[in-house]
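Following: one structure in structure tokens, then a few remarks.
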Amino acid sequence: MSDIIQILKDRGIFESVTSDELQKLAQRESLTVYAGFDPTSESLQAGNFVTIMVLAHFQRCGHRVIALVGGATGMIGDPSGKSKERNLLIEEQVMINLEGIKENLSRFLDFEREENAALLMNNNDWMKQFTYVDFLRDVGKYFRMGTMLGKDSVKSRLEGESGMSYTEFSYQLLQAYDFLRLYDEEGCSVQFGGSDQWGNITAGIDLVHKQRGKEVFGLTFPLVCDSSGKKFGKSEGNAIYLSSAKTSYFDFYQFFIRTQDEDVERFLKIFTFIPLDEISEIMKESEAAPEKRIAQTRLADEVTCIVHGERGLEIAQKASLVLYGGSIDDIDAATLLEIFSSVSSCDLSVDAVKGANIVDLVAVSGLCKSKGEARRLVQNGGLYLNNNRVTDLDLVVKDSDIIDGKLVVLRSGKRNYFLVEIG
RNA sequence: GGUAGGGUACCGAAGUGGUUAAACGGGGCAGACUGUAAAUCUGCUGGCUCAGCCUACCUUGGUUCAAAUCCAAGCCCUACCA
């Protein structure tokens with residue numbers, strides 16, 4: 001079998017293992033491995049990307065992978081890497097989120113195949129059966145206070161301002177129990193996650209060892225940051241989601257297009273399956289003419305295609321062309337609607353648009369929160385009506401500004417488009 | 001339960017009776033530059049019927065011509081001690 005650990009190392013998605021034995025073992029036999037996802041939203045985010053890719057690599061190497069959705073733990077909130085207590089999720093929402101997450105994962109993992117099909121599980125299925133007393137007796141008993149308090153995730157929070165609730169403190173027990181459960185039921189012997197998961201993973205390993213006397217393994221990968229040190233997966237403060245309902249094809253594609261030079265090689269290795277020698281060729285070509293951003297384009301193409309398919313990619317590319325090409329004067333409403341299909345928009349009546357003051361329209365449409373904000377935007381020269389800069393606060397929307405009687409394209413700044421549909 | 005320190009705009013944080021819509025920093029939004037980069041520079045950052053008005057400094061009352069600032073009660077947070 002291919003050396004999965006070596007692959008991960010070569011691609012820069014390896015940080016540490018609990019035992020070097022794992023590398024040899026993984027070449028000898030097919031293992032069952034798992035990683036957890038928080039069902040905080042109905043769609044996974046770019047921040048989950050690395051975990052997904054590692055799962056996919058494992059499956060491609062012939063291992064059996066389990067994606068564990070934290071239906072129960074998500075209701076508690078993992079304190080790792082967080083400075084503040086998290087909001088709790090309600091069960092119904094978790095169930096809805098679960099469906100979306102499976103859809104996302106199916107782009108990367110094969111849940112159908114005969115051999116080593118991927119599995120999606122929800123830890124709430126076993127957690128909900130526990131009574132508090134049972135849990136304390138069967139699981140809590142095996143945990144030592146010293147160890148628990150020593151975990152980074154706990155220590156840093158106790159030292160910080162906000163403290164930590166008992167609920168969050170208990171989180172590591174729940175995750176540890178997941179591992180034990182998957183070990184018992186599925187023969188799962190490897191758990192991996194981001195480096196901030198180290199404490200939770202080792203807690204599980206300890207629990208399996210204490211209760212079953214068997215050695216299981218943990219593996220972590222580095223948390224991916226961009227070159228400015230920010231956590232990967234946010235664009236202007238908004239998370240990039242994998243589902244097109246939450247992040248449009250265009251925005252998704254653009255997120256990768258805007259990757260910085262220093263990051264792009266690393267990202268190609270982490271977020272695509274392109275062979276390493278091909279990546280170095282791409283990089284050579286790209287560095288010869290950085291302004292063409294060949295590597296960025298390839299990255300965006302690959303990732304968008306995996307997540308959204310050929311069609312999604314095509315729409316994103318088409319939109320990019322139009323939006324960065326310039327004028328939209330010659331394009332009819334139907335084409336525009338397709339290109340902007342996922343840009344935020346609003347529906348207004350003809351009367352509300354025709355003859356309306358531009359400032360009022362911008363505020364009513366929702367592009368700006370208030371008229372004051374709209375006014376400021378115009379004063380700063382940042383508002384565009386059908387791609388023409390608006391300079392006059394008293395500008396009135398004319399009949400001719402409405403494309404095919406159906407559409408007005410507003411834009412704030414360079415790339416922030418907003419559609420007013422007339423209905 | 002005891003003691004101490006707090007709650008100010010998106011966040012952090014000044015301000016402790018009077019031009020205070022509230023210094024400063026961060027963030028955010030725009031503009032210039034540019035490779036849809038980074039850095040830098042500039043403007044804006046409560047609402048409105050916008051040279052004016054309205055609503056605001058945890059809540060509720062009170063003192064005062066005047067309160068984010070003083071008083072009282074309440075709610076919440078943090079730390080230390082029990």
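We name chains A, B, ... by the order of the sequence lines, and we start the count at 1 in each one.
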Is [X] touching bases, backbone alone, or none of the nucleic acid, heavy atoms closer than 4.0 Å?
X: A:S412; value: sugar-phosphate
X: A:Y253; value: nothing
X: A:Q379; value: nothing
X: A:K414; value: base
X: A:G372; value: base

By nearest atom, which of the nucleotides [options] is closest to the [X] side chain?
X: A:Q260; options: B:A30, B:G35, B:A37; value: B:A37
X: A:R376; options: B:G47, B:G31, B:C29; value: B:G47
X: A:R389; options: B:G35, B:G43, B:G31; value: B:G31

Contact check, side chains of A:Q254 and A:I257, non-hydrogen atoms, under 4.5 Å: yes

Any side-chain donor near an acceptor of the partner, A:Q59 and A:D110, under 3.5 Å: no

Residue whose nearest RNA chain B nucleotide is more 5′ - A:R293 or A:K371: A:R293

Base-pairing mate for [N] - Watson-Crick or G-U, with both contacts under 3.5 Å:
N: B:U78; result: B:A4
N: B:A23; result: none
N: B:G43; result: B:C29
N: B:A56; result: none
N: B:U64; result: none

Derivation of the side-chain contact (heavy atoms from CB on, under 4.5 Å) call for A:Y177 and A:L180: CA-CA 5 Å; A:Y177 182 75; A:L180 178 64; 4.1 Å; yes

Side-chain-base donor-acceptor pair under 3.5 Å for A:R258 and B:U36: yes

Residues A:Y249, A:Y253; criterion ring pair (Phe, Tyr, Trp, His ring centres under 6.0 Å); working and verdict: CA-CA 6 Å; A:Y249 299 136; A:Y253 183 79; over 10 Å; no

